[in-house]
Amino acid sequence: MAAIDAVLDAAGVKNSRVRDFVRQWAEHTGAARVEVVNASDDARLIAEAVEAGELLPAGEGRYYSRSHPKDTARSEERTVVATNNESDKGVYNNWKPASEMRPMLTERMKGASAGKTMYVVPYVMAPPGSPLQPYATGVELTDTRTVVLHMIRMARVGVEHVNELADPDYFVRGVHVTGDLDNLGQGTPDDQRYFVTIADERTILHYGSSYGGNALLGKIAHGLRQATYDGWASGKFLAEQFLLLGITDKQTGRTYHVCGGMPSASGKTNLAMILSPDALGDRYQVHFYGDDIAWLWVDPEDGRVYAINPEFGAFGVAKDTNEATNPTAVEAIAEGTGTIFTNVAYNEQTQDVWWEGRTKTPPADATGWRDWKGELISERSEAEKDAPWAHPNSRFTTTLANIPNIAPDYTNPKGVPVDAIIFGGRTRDREPLIRAITDLAEGVYDGLTLGAEATFAAEGTEGVLRYDPMSMRPFMAYSEGAYAAHWLKIIGAAKDQPIFAHVNWFQRGEDGRFLWPGYRDNLRPLLWLMQLRNGEVTGRQTPVGIVPTKEELQLEGMDDLRADDLETILSIDTHRWRQEMGHREEHLKLFPGMPEEIWEAHRRVAAGLEAEQGK
Ligand code: GTP
Ligand code: SPV
Ligand code: MN
């Protein structure tokens, strides 16, 4: 193994614990060679990937990749959090003993990278200098070059991040082995894949995919699952699937920061990238900090909640991204940005890319176009002709610096003070446009009862939400009761508490149309929330929170908004809410050790609804 040492020496890897980790897994997985990666290797790795056909050019400075057709999204069933302590078992974390999972994964990975290069990717999931940096440092070992290229876009990558650690042993050890994607029995009873975070050993072992959160270990596995566990175990912080944005009021010179959770594919990226609606653009400016993960802590000096986005890029849903819905994203993925598209449609003659919703209808001339699986559109059979060209979970990967509304201080290690924490799901009725909550326990309770509609294809009964506490259901790492208590403790320590709110952009009319146009107009309810926090408006108190009056919302330029629709999205349907309270009770009962404050909040809201009904 003198060869490995020579590579590590040449790359300047001085941390002996990192060197041991690399040596151990290089031998075990049987990799033919080891290569240490810095961000500055990007251009060379891109050229190699293009040469090898792993990436195809998609215009100047942009690239296209297809994943294996059986490997197109995170697999929640195959994702496990393991620890050495059974009390970490929760309802959603799919807990297994570390003593069972470590040997199982080790066995699967044995010799599984034979003939391949093992890339060593040292990274940090924080702006350097952040007080949370010790929790943010990791090394991913991966046998797949496109994973490296995604990591360079999504995390800060470089040897310098592991060389001078206060505790050289304190870094997250991530091992990613793709495996033989043709023969893993994906989705069958004989599924070979396993995506395991051994949280109390700070080790991530992912086998059987090279897509997204299954393979980029910095993002979901470290940035969410491991970090949420570390935040709790240390008692210091929260790590959440949250967006983070800033709103500057140019008239008053004040800037506000809003973070919040929405389940996967419910609009975080879109909200973080919004431009002010034209009619308000002269006064307000929205700045992007993050679209998928935020880490939150309280600064004892000023007693405020601070947040950082630990990521370095955005891994956004392509579907419906266009000049009207998200012009910011369109610019962030333009030619010259180094963007990598995955599983969209691709034209091999023009190097163009397309996805559903990029334009109203697919390109009229199908010449050269292939769908996400690589099949020629022009050769589709009658039966296939209406199938989407792009996979519904097709994505773009671009660095934060490409996002035109990126906040000027997005690399500030101190993070930004948080004024509001919002939760939002996809609900076709009941949930108003926005309802504000000023009580901490009621705010946390609201997050814990966040849900999105069961879609027609998924499990679940109509009208019953698939609950997704704080949008963390797929990323929970310890028990939900302890998680709720940790939230109350962390945010409760703030002298200056953020205001909470629940938002919903997805109410529909009987004909199925969205009652609220959404996208850029979503700034309007957020502006109201800031005014409420400042005491400039009072709203209308309801049992489930404070809702805006029509007059309080700044609706300039929304001439097409129907008065009856506005009425609907600002009203509380007490009957539907009372039904929902029954479902919530069942949901909360699933979790042993739910703090009494949360139950009290539930009973307060329920009693308020009963009193309202009696009026
Ligand atoms: P993940 O990256 O999976 O965590 O998703 P996300 O929460 O960042 O969701 P994203 O912003 O990518 O949006 C998902 C889908 O919802 C996209 O197809 C959007 O076009 C759509 N969407 C986002 N905001 C709105 C809105 O305000 N109204 C409507 N109708 N659709 C929206
Ligand atoms: C999500 O699914 O919430 C994502 C995409 O952000 S992935 O990184 O694949 O988990
Ligand atoms: Mn996400």
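Atoms within each ligand, like the ligands themselves, are counted from 1 in listed order. In this chain, numbering begins with 1 at the start of the sequence shown.
For ligand 2, the atoms lying closer than 4.0 Å to a non-hydrogen atom of Lys219 are 6 (O), 8 (O). Distances below 4.0 Å separate heavy atoms of Gly212 from the following atoms of ligand 2: 9 (O). For ligand 1, the atoms closer than 4.0 angstrom to any heavy atom of Gln241 are 4 (O). Atoms of ligand 1 lying under 4.0 Å from at least one heavy atom of Asp320, given by number and element, are 18 (O), 20 (O). The Gly518 neighbourhood of ligand 1 comprises atoms 27 (O), with distances under 4.0 Å to a heavy atom of that residue. Interface of Asp292 with ligand 2, defined as ligand atoms under 4.0 Å from a residue heavy atom, comprises 6 (O). Proximity to Asn270 (heavy-atom distance under 4.0 Å) selects the following atoms of ligand 1: 10 (P), 11 (O), 12 (O), 13 (O), 19 (C), 23 (C), 24 (N).
The line from OG of Ser266 to CG of Asp468 is 8.0 Å long, rounded to the nearest 0.5 Å.
Residue Asp291 has no N or O atom closer than 3.5 Å to an N or O atom of ligand 1. The shortest N or O to N or O distance between Lys319 and ligand 1 is under 3.5 Å. Some N or O of Ala265 is nearer than 3.5 Å to an N or O of ligand 1, by distance alone. The distance criterion of under 3.5 Å between nitrogen or oxygen atoms is not met by Phe315 with respect to ligand 2. Residue Gly267 has at least one nitrogen or oxygen atom sitting less than 3.5 Å from a nitrogen or oxygen atom of ligand 1, judged on distance alone.
Note on ligand 1: Pro263 sits in its first shell, one or more heavy atoms being nearer than 4.0 Å. Within the 4.0 Å heavy-atom cutoff, Thr325 does not count among the residues contacting ligand 1. Residue contacts with ligand 1: Gly316 is excluded, as none of its non-hydrogen atoms falls under 4.0 Å. Ligand 1 is never approached by Trp516 to a heavy-atom distance shorter than 4.0 Å. In this structure, Arg426 is part of the shell of residues with a heavy atom less than 4.0 angstrom from ligand 1.
By the 30° and 60° cut-offs, the orientation of the rings of Tyr478 relative to Tyr229 is perpendicular. Phe500 and Trp487 have tilted rings, their planes meeting at an angle from 30° to 60° on a 0 to 90° scale.
The part of Arg395 lying near ligand 1 is the side chain, judged by heavy-atom distances below 4.0 Å. Contacts between Asn326 and ligand 1, counted as non-hydrogen atom pairs separated by less than 4.0 Å, are absent for every part of the residue. Residue contacts with ligand 1, taken as heavy atom pairs separated by less than 4.0 Å, involve Ser264 via backbone and side-chain atoms alike. At a heavy-atom distance under 4.0 Å, only side-chain atoms of Asn522, from C-beta outward, approach ligand 1.
Annotation: cation-pi geometry not satisfied between Arg78 and Phe195 (NZ/CZ under 6.0 angstrom from ring centroid, within 45° of ring axis). Taking the centre and axis of the six-membered ring of Phe506, the NZ or CZ atom of Arg426 falls inside the cone set by 45° and 6.0 Å. Remark: Arg358 is positioned above the aromatic ring of Trp355, its terminal NZ or CZ atom under 6.0 angstrom from the ring centre and at most 45 degrees off the axis.
Among Glu140, Met154, His161, the single residue meeting the side-chain contact (heavy atoms from CB on, under 4.5 Å) criterion with Tyr123 is Glu140. Of the residues Thr398, Thr146, Leu149, Ile333, the one that meets the side-chain contact (heavy atoms from CB on, under 4.5 Å) test with Ile340 is Leu149.
No donor-acceptor contact under 3.5 angstrom links the side chains of Arg153 and Thr339, judged on distance only. No side-chain N or O of Asn214 forms a donor-acceptor pair with one of His176 less than 3.5 Å apart. If you check the side chains of Asn393 and Arg395, you find a donor sitting under 3.5 Å from an acceptor.
Computed with the Mn ion (ligand 3) at the centre, the Asp292 OD1 to Gln241 OE1 angle is 100°, stated to 10 degrees.
If you check which protein heavy atom lies closest to atom 20 (O) of ligand 1, you get Tyr519 OH, 2.7 Å. Of all protein heavy atoms, the one lying nearest to atom 4 (O) of ligand 1 is Lys268 NZ, 2.9 Å. When hydrogens are left out, the protein atom nearest atom 10 (O) of ligand 2 is Arg74 NE, 2.5 Å; that is the closest non-hydrogen contact. Looking at atom 29 (C) of ligand 1, its nearest protein heavy atom turns out to be Phe506 CE2, 3.5 Å. With hydrogens left out, the protein atom closest to atom 3 (O) of ligand 2 is Ser264 OG, 2.5 Å, a heavy atom. In terms of protein heavy atoms, atom 7 (S) of ligand 2 is closest to Gly213 N, 3.5 Å.
Contact annotation: the side chain of Val172 never approaches that of Val139 to less than 4.5 Å [non-hydrogen atoms, C-beta and beyond].
Between Tyr410 and Tyr289, the distance separating the two ring centers is not shorter than 6.0 angstrom. Aromatic rings from Phe423 and His502 are positioned such that their centres are separated by 6.0 Å or more. The six-membered or imidazole ring of Trp372 lies away from that of Trp389, with a centre-to-centre distance of 6.0 Å or more.
In this structure, Glu480 contributes its side chain and Val91 its backbone to a donor-acceptor pair below 3.5 Å. The closest donor-acceptor contact from the side chain of Asn93 to the backbone of Ala477 lies under 3.5 Å.
Among the atoms of Ser471, none of the N, O or S atoms falls under 2.8 Å from the Mn ion (ligand 3).
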